[in-house]
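Sequence lines set the chain letters: A, B, ... in the order given, protein chains first and strands last, and positions in each chain run from 1.
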There are 2 protein chains.
Amino acid sequence: MTQSDTVTCVVADDHPAVLEAVAEYLTQAGISVLARAHDGEEALERIEQRKPQVALVDVRMPRLGGIEVTRRAKRSAPNTAMLLYTGYGDRALLTEALDAGVRGFVLKEAPMEDLLRAVRSVAAGNTYVDPVLAGTLAASSVGSQMPQLTQRERDVLRLLADGLSNEEIGKRLFISAETVRTHVRKAMEKLDADTRTQAVARALRDRLIA
Amino acid sequence: MTQSDTVTCVVADDHPAVLEAVAEYLTQAGISVLARAHDGEEALERIEQRKPQVALVDVRMPRLGGIEVTRRAKRSAPNTAMLLYTGYGDRALLTEALDAGVRGFVLKEAPMEDLLRAVRSVAAGNTYVDPVLAGTLAASSVGSQMPQLTQRERDVLRLLADGLSNEEIGKRLFISAETVRTHVRKAMEKLDADTRTQAVARALRDRLIA
DNA sequence: ACGGCCGTCACCCGTTTCGGGGATCCCCGG
DNA sequence: CCGGGGATCCCCGAAACGGGTGACGGCCGT
C-alpha cells in the first residue's frame with residue numbers, strides 16, 4: 001500500500017554489468033532503487049534492512065541463489081514482492097520459484113521494458129511471468145509434465161551425483177541410509193529411471209539438480 | 001595497427017541489460033562501439049560489415065553461440081580479435097574457445113574494469129583470460145589435466161547414463177559385461193570418481209558425453 | 001476428522017556392482 | 001623388437017542395489 005506512486009526496489013545480480021544496467025534503467029524509469037547487492041546473502045540483508053516493495057534478484061548468484069533468498073525473505077520481509085531475474089527460463093525452475101513464493105519471473109532476454117512492467121506489476125500486487133516462459137509453461141503442461149522432485153529427493157540426487165554412497169549421504173543429511181534408499185527409489189520412479197545412475201543423468205539433463 | 005588510439009568494437013549479448021551496460025560503459029571509457037547485436041548471427045553480420053578491432057560477444061546466444069561466431073569470423077574477419085564474455089567459466093569451455101581462436105575470455109562476475117582491460121589488451125594484440133578462470137586453469141592443468149576418455153569408455157558411460165546395466169550394455173556393444181566393467185572402472189579412474197554414478201555425472205557436466 | 005503426501009526408518013530377497021587381482025590380444029611408435 | 005595403451009575377458013568375496021512391503025508421525029487441505 002499506499003505511499004502510492006514511488007515504487008521502492010532492491011536489485012541483486014552477481015554480474016556487475018547487469019546490476020548496473022538494471023539499477024540505472026529502473027532509476028530513470030522512476031523506480032527508487034534503495035540498494036544493490038552482488039550475491040544472495042547481501043541481497044537478503046538489504047531486503048531485510050530496507051523492506052522494499054519489490055526485490056529484483058538474479059536466480060544464479062554466489063552463496064545464495066535467488067530462490068533460497070525468496071524462501072528466507074518470505075519470513076523476514078513478507079511484504080516485499082520477490083521478482084526473479086534469470087538468463088535461462090526453465091520449466092522446473094519456474095515451478096520451484098513459484099512454490100518458493102516468487103511473485104514474478106523475468107528472462108534476461110526480454111526487452112528492458114518488460115522488466116519495468118514486471119516490477120510495476122508485482123509492486124501492485126499482481127503476478128508477472130515472462131510471456132515467453134508462460135508460453136512454454138502452457139505448452140509443456142499439456143503434454144508431459146516434467147516430474148517434480150521433492151526437496152529431499154533433489155538433495156539426495158545431488159549428493160549421489162557427487163559420488164557419495166547411501167551411507168555417506170545419510171551422514172551428510174542426518175538420516176539413515178535406508179531413508180536415502182527410499183528417496184532414491186522415489187526419485188527413480190518419478191524420473192522413470194531403471195537405475196539410480198540414470199535418475200541422476202535425467203535430473204542433470206533436465207536441470208532438476210545442478 | 002595503427003590508427004592508434006581509438007579502439008573499435010562490436011558488442012553482442014542476448015540480454016538487453018548486459019548489452020546496454022557494456023556498450024555504455026565501453027563508450028564512456030573511450031572505446032568506439034560500432035554496433036550491437038542481440039544474437040550470434042547478427043553479431044557475425046556486424047563483425048563482417050564493420051571489421052572492428054575487437055568483437056565482444058556473449059558465449060550463450062540464440063541461433064549462434066559465441067564460439068561458433070568466433071570460428072566463422074576467423075575466416076571472414078581475421079583481423080578482428082574475438083573476446084568472449086560469459087557468465088559461467090568452464091574449463092572445457094575455455095579450452096574449446098581458445099581452440100576456436102578466441103583472444104580473450106572474460107567472466108561476467110568480473111568487475112567492469114576488467115572488461116575494459118580485456119578489450120584494450122586484445123586490441124593491442126595480447127591474449128586476456130579472466131584471472132579467476134586462469135587460476136582454475138592453472139590449478140587444473142598442474143594436478144589433473146582434463147581427462148580424456150577413449151571412445152569405448154564414452155560409449156559405455158553414455159549407455160550407463162541411459163540406465164542400462166553392465167549386462168545390457170555388453171549386449172548392445174557386443175562385448176561381455178566384464179569388459180563393460182573394465183571400461184567403467186577405467187573411466188571412473190580417469191574422472192577421479194568414487195562410483196559409476198559420479199563418473200556419469202562428471203562426464204555429463206564436463207560434456208564428455210551428451 | 002479424514003485422507004493424502006512427505007519424510008523417516010526397517011526388513012527381506014535376489015541380482016548387480018565394487019574393488020582388486022590377473023590375463024590375452026592387437027596395434028602403434030620408439 | 002619391445003613397450004605401452006587400448007580393448008577384451010575372467011574370478012573372487014564383500015558391498016551395494018532394486019524391488020517389495022510395512023510402519024509411524026507431520027502437515028495440509030477439505
Output the rounded distance in Å from [atom1] ([X]) to [atom2] ([N]).
X	N	atom1	atom2	answer
A:R196	C:dT17	CZ	P	12 Å
A:D155	C:dG7	CG	C1'	12 Å
A:Q198	D:dG18	CD	P	11 Å
B:E178	C:dG19	CD	P	14 Å
A:L157	D:dC17	CG	C1'	15 Å
B:M188	C:dT17	CE	C1'	10 Å
A:K186	C:dC6	NZ	P	7 Å
B:R181	C:dG22	CZ	P	15 Å

Sugar-phosphate only, base, or nothing, as touched by A:T195 at under 4.0 Å among non-hydrogen atoms: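 Sugar-phosphate contact only.
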Touch class at under 4.0 angstrom, heavy-atom based, for B:D194 against every strand present: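 Sugar-phosphate contact only.
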Is there side-chain contact between [X] and [Y], with at least one heavy-atom pair below 4.5 Å?
X	Y	answer
A:V10	A:T80	no
A:V18	B:K108	no
B:D114	B:Y128	yes

Exceeds 12 heavy-atom contacts within 6.0 angstrom, atom CZ of A:R60: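 Counting other residues, nucleotides and ligands, CZ of A:R60 stays at 12 neighbours or fewer.
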Give the nucleotide from the list [options] with an atom nearest to the side chain of [X].
X	options	result
B:H183	D:dG20, D:dA7, D:dC10	D:dA7
A:K190	C:dC6, D:dT8, C:dG19	C:dC6
B:T150	D:dG6, D:dC11, C:dC11	D:dG6
A:T179	C:dA10, D:dC10, C:dT8	C:dT8
A:R185	C:dG7, D:dT21, D:dC10	D:dT21
A:R152	C:dT8, C:dC6, C:dG19	C:dT8

Distance-only side-chain donor-acceptor flag, A:Q198 / A:T195, under 3.5 Å: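 On atom types as modelled, these side chains do not qualify, holding no pair under 3.5 Å.
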Between B:T197 and A:T197, a side-chain donor and acceptor under 3.5 Å: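 Distance-only check passes for B:T197 and A:T197.
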N-O pairing of B:R71 and B:E68 below 4.0 Å: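 Looking at B:E68 together with B:R71, the answer is yes, because their closest N to O distance falls below 4.0 Å.
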Sorted by number, the residues of residues 161-175 of chain A with heavy-atom contact under 4.0 Å to DNA chain C: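 Nucleic-acid contacts, sorted: A:I175.
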